[in-house]
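Everything on this sheet refers to the single structure shown next.
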Amino acid sequence: KEKSHLMFSFLNIAKLKKDDLKGIAKLMYRDVSDDSWDKENLTKRNLDFTIESVRYLDMYTKRLMNTEFGTELLNKHFDNFVVRIGAYIGEVIKNYINQDFYWYESDSVRNYSPSLDEELSDSKTQSVLYSKKRDMVILPLNVVSQFLKGNSPYNDLLTYVEGVIKQNT
């Protein structure tokens with residue numbers, strides 16, 4: 001018995017490491033600043049993981065990027081914003097595509113699937129949505145990171161979300 005166990009774990013070296021970003025996505029409404037706009041708009045009722053709800057994130061990111069206070073926050077907590085907003089839109093995408101896309105650590109996906117090496121090579125973010133069946137990744141955190149830096153091909157996050165869902169359903 002012992003031997004077969006060793007053999008099995010040996011075959012499993014390139015293991016996918018799951019990441020649970022759903023909890024982080026919920027911080028979008030669970031951990032809100034004292035700003036009155038944030039309190040009014042970033043609520044559990046508004047952020048219900050529907051495609052429509054992404055509009056609130058678009059308003060939010062515009063405020064972050066276009067106000068002095070927002071830019072200051074963004075610079076100070078950039079990675080945090082990327083993970084939270086990326087996790088949220090990723091969860092929206094995941095719910096609508098409704099296939100075997102799950103959050104994984106991007107390094108584990110790169111090891112597991114060498115064919116995605118190029119696509120993941122400039123992935124600075126730790127988590128990606130990956131489908132084993134389709135051997136395919138979706139990179140919401142990367143898109144948010146580019147977007148918040150002001151060098152995104154998308155005018156808003158909603159356009160990205162709708163596009164990805166359309167491509168994959």
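No donor-acceptor pair under 3.5 Å is formed between the side chain of T67 and the backbone N or O of L64. For the pair D58 (side chain) and L158 (backbone), a donor-acceptor distance under 3.5 Å is present. Judged by distance alone, the side chain of Q167 and the main-chain N or O of E162 form no donor-acceptor pair under 3.5 Å. A donor-acceptor pair under 3.5 Å links the side-chain atoms of D100 to the main chain of K132, judged by distance alone. Judged purely by atom type and a 3.5 angstrom limit, T61 uses its side chain to pair as donor or acceptor with the backbone of L57. Here the side chain of R110 pairs a donor or acceptor atom with the backbone of L120 at under 3.5 angstrom. Side-chain atoms of N66 come within 3.5 Å of backbone atoms of K62 as a donor-acceptor pair (strictly under, hydrogens ignored).
When the shell of 6.0 Å around CZ of F69 is examined, it contains 12 or fewer heavy atoms from other residues, nucleotides or ligands. Heavy atoms of other residues, nucleotides or ligands lying less than 6.0 angstrom from CD of E105 number more than 12.
Y102 and L141 sit in two unconnected hydrophobic clusters of ILVMFWY residues. Membership requires side-chain heavy atoms under 4.5 Å apart, directly or through other members. A continuous path of hydrophobic side-chain contacts links L42 to V82 [ILVMFWY only; heavy atoms under 4.5 Å].
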With a cut-off of 3.5 Å and sequence neighbours excluded, list every side-chain donor-acceptor pair involving residues 16-28.
unit_1 : atom_1 : unit_2 : atom_2 : d
D19    : OD2    : S127   : OG     : 2.5
D20    : OD1    : K22    : N      : 3.3

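Side-chain polar atoms of S115 and D135 form a donor-acceptor pair below 3.5 angstrom. When only modelled atom types and interatomic distance are considered, N111 and S108 share no side-chain donor-acceptor pair under 3.5 Å.
At least one side-chain heavy atom of R63 sits under 4.5 Å from a side-chain heavy atom of D35. Between E91 and I93 the shortest side-chain heavy-atom distance does not fall below 4.5 Å. Within the 4.5 Å cutoff, the side chain of Y154 has no heavy atoms near those of the Q146 side chain. Taking 4.5 Å as the limit, every side-chain heavy atom of Q99 sits out of range of all side-chain heavy atoms of K133. Residues S113 and Y130 form a side-chain contact, since some pair of their non-hydrogen atoms from C-beta on lies under 4.5 Å apart.
For the atom pair L47 CG and Y60 OH, the distance stands at 10.0 Å (nearest 0.5 Å).
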- [ ] Test Y160 against F147 for side chain to side chain contact (heavy atoms under 4.5 Å, CB included), laying out the working first.
- [x] CA-CA 10 Å; Y160 165 71; F147 186 80; over 6 Å; no

TODO: Evaluate side chain to side chain contact (heavy atoms under 4.5 Å, CB included) for L148 paired with F81, printing each intermediate quantity in order.
DONE: CA-CA 9 Å; L148 292 175; F81 282 113; 4.0 Å; yes

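Residues forming a ring-ring contact (aromatic ring centres under 6.0 Å, His included) with F49 (at least two apart in sequence, or on another chain): Y88.
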